There are 2 protein chains.
Amino acid sequence: MTKDERYQDASLPLPPGVEESLCRCGGIAGLVEQLPDDTIFEQDCGLYRVLADPLRLKILAMLAVQPLCVCVIKTVLDIADSKLSYHLSVLKKAGLIAGDQQGNWIIYSLTELGSEWVSGHGK
Amino acid sequence: MTKDERYQDASLPLPPGVEESLCRCGGIAGLVEQLPDDTIFEQDCGLYRVLADPLRLKILAMLAVQPLCVCVIKTVLDIADSKLSYHLSVLKKAGLIAGDQQGNWIIYSLTELGSEWVSGHGK
DNA sequence: GCCGTGTTTCAAAATAATATGAAATGTAAA
DNA sequence: TTTACATTTCATATTATTTTGAAACACGGC
């Protein structure tokens, strides 16, 4: 048994500790097999990108208290209409909130996904 | 008792449903009181920003299998050294991973925070 | 129909994050 | 001390996200 047969990744010089445990899990190939498909990472990071903004987190927190129309959210955040509308659209596209037109107003509330996330987060 | 006394936010015309429930929780002022401080949102969104990248999520998944040196991660991800180094630094700065120099190599592993996050995520 | 109000859309400008490649750092071994 | 190797740093280019303000849209009341 040559070194090349024992270690799938003999081409890559490694520190002893890593080489050993890596070998035990099937080398680099074995490691890769344990990973989810790349599309999963893309998908997951999509949600994180949506959450990666303080205004959006605050909007979610507000809607966790109760459904609100845009004008109330705007009053609390004190930002321009179009800016708020942009962030609402990001949250909506991600399926975290939904808007319900009621006369002149649009009342936003958390979707099921949205409330799952909020509660699963300890806020 | 005038309308202005009953409703703190009488200045802002609201749809009936929202006005009612908002009034019950102390108006806009009451709503704001229930929200965490802005610094909390800033802080939380910092973590989400770090997680908002597929490469970084994949690196975390790899390190969840076992500690690895940069060259192994690089082989799996197949990206340029400096690019990998950049993403490692982002993860390190966020306290999700830590590097341990061992001879010529640096072996990265999940920190406690890092493994908490990975396991609390069902991956 | 025409207003007034609440909200969204659009294109452009401003800002932030990421990618790239060359040069630098640090380490071990000769 | 020179060399080879693993990794990082730096400056710059590229790309993605956010902001801004004007215009458009949708709804209800006159």
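Naming convention: chains lettered A, B, ... in sequence-line order (proteins, then strands); numbering from 1 in each chain. Since the model is a prediction, treat every value here as computed from it, not as a measurement.
- To the nearest 0.5 angstrom, B:L57 atom CG is 8.5 Å from B:L91 atom CG.
- With hydrogens and angles ignored, the 3.5 Å screen pairs a side-chain donor or acceptor of A:Q101 with a backbone N or O of A:G103.
- Ranking C:dG26, C:dT7, C:dT18 by closeness to the B:D53 side chain, first place goes to C:dT18.
- Taking atom CD on B:Q101 and atom C1' on C:dG26, their separation rounds to 7 Å, with Å as the unit.
- Distances were taken from every side-chain heavy atom of B:R56 (C-beta onward) to each of C:dG6, C:dT18, C:dT9; the shortest belongs to C:dT18.
- Residue-to-nucleotide contacts include a donor-acceptor pair under 3.5 Å from the side chain of B:N104 to the base of C:dG26.
- Side-chain contact between B:V90 and B:D53 is absent, with no heavy-atom pair separated by less than 4.5 Å.
- Computed from coordinates, the A:L14 CG to C:dT27 P distance equals 20 Å when rounded to whole Å.
- Distance from the side chain of A:Y86 is smallest to D:dT18 among D:dT7, D:dT18, C:dT18.
- Checking D:dT17, D:dA26, D:dT18 against the side-chain heavy atoms of A:R49 singles out D:dT17 as nearest.
- Atom-to-atom, CG of B:L12 to P of C:dG6 comes out at 7 Å; the value is rounded to the nearest Å.
- Atom NZ of B:K74 and atom C1' of C:dA19 are 14 Å apart (whole Å).
- Nearest nucleotide to the B:W105 side chain, out of C:dT27, C:dG6, D:dA6: D:dA6.
- Separation of atoms CD (B:Q66) and CD1 (B:I107) is listed at 9.5 Å; rounding is to 0.5 Å.
- In this structure, A:A80 and B:C71 both approach DNA chain D, and ranking their closest nucleotides by distance from the 5' end singles out B:C71.
- The B:K83 side chain lies nearest to C:dT20 when the options are D:dA22, C:dT20, C:dT7.
- The CD1 atom of A:I59 sits 13 Å away from the P atom of C:dT7 (whole-angstrom rounding).
- A:L63 CG to A:I73 CD1: the interatomic distance, rounded to the nearest 0.5 Å, is 5.0 Å.
- Contact annotation: B:Y108 reaches the phosphate of D:dT8 (side-chain N/O to OP1 or OP2, under 4.0 Å).
- In this structure, A:L84 atom CG and C:dT9 atom C1' are separated by 14 Å, rounded to whole Å.
- Atom pair B:L77:CG and D:dT7:P shows a separation of 13 Å (rounding to whole Å applied).
- The phosphate of D:dT19 (OP1 or OP2) has a side-chain N or O of A:H87 nearer than 4.0 angstrom.
- Nearest nucleotide to the A:V70 side chain, out of D:dT9, C:dT7, C:dG6: C:dT7.
- Taking atom CD1 on A:I106 and atom P on C:dT9, their separation rounds to 9 Å, with Å as the unit.
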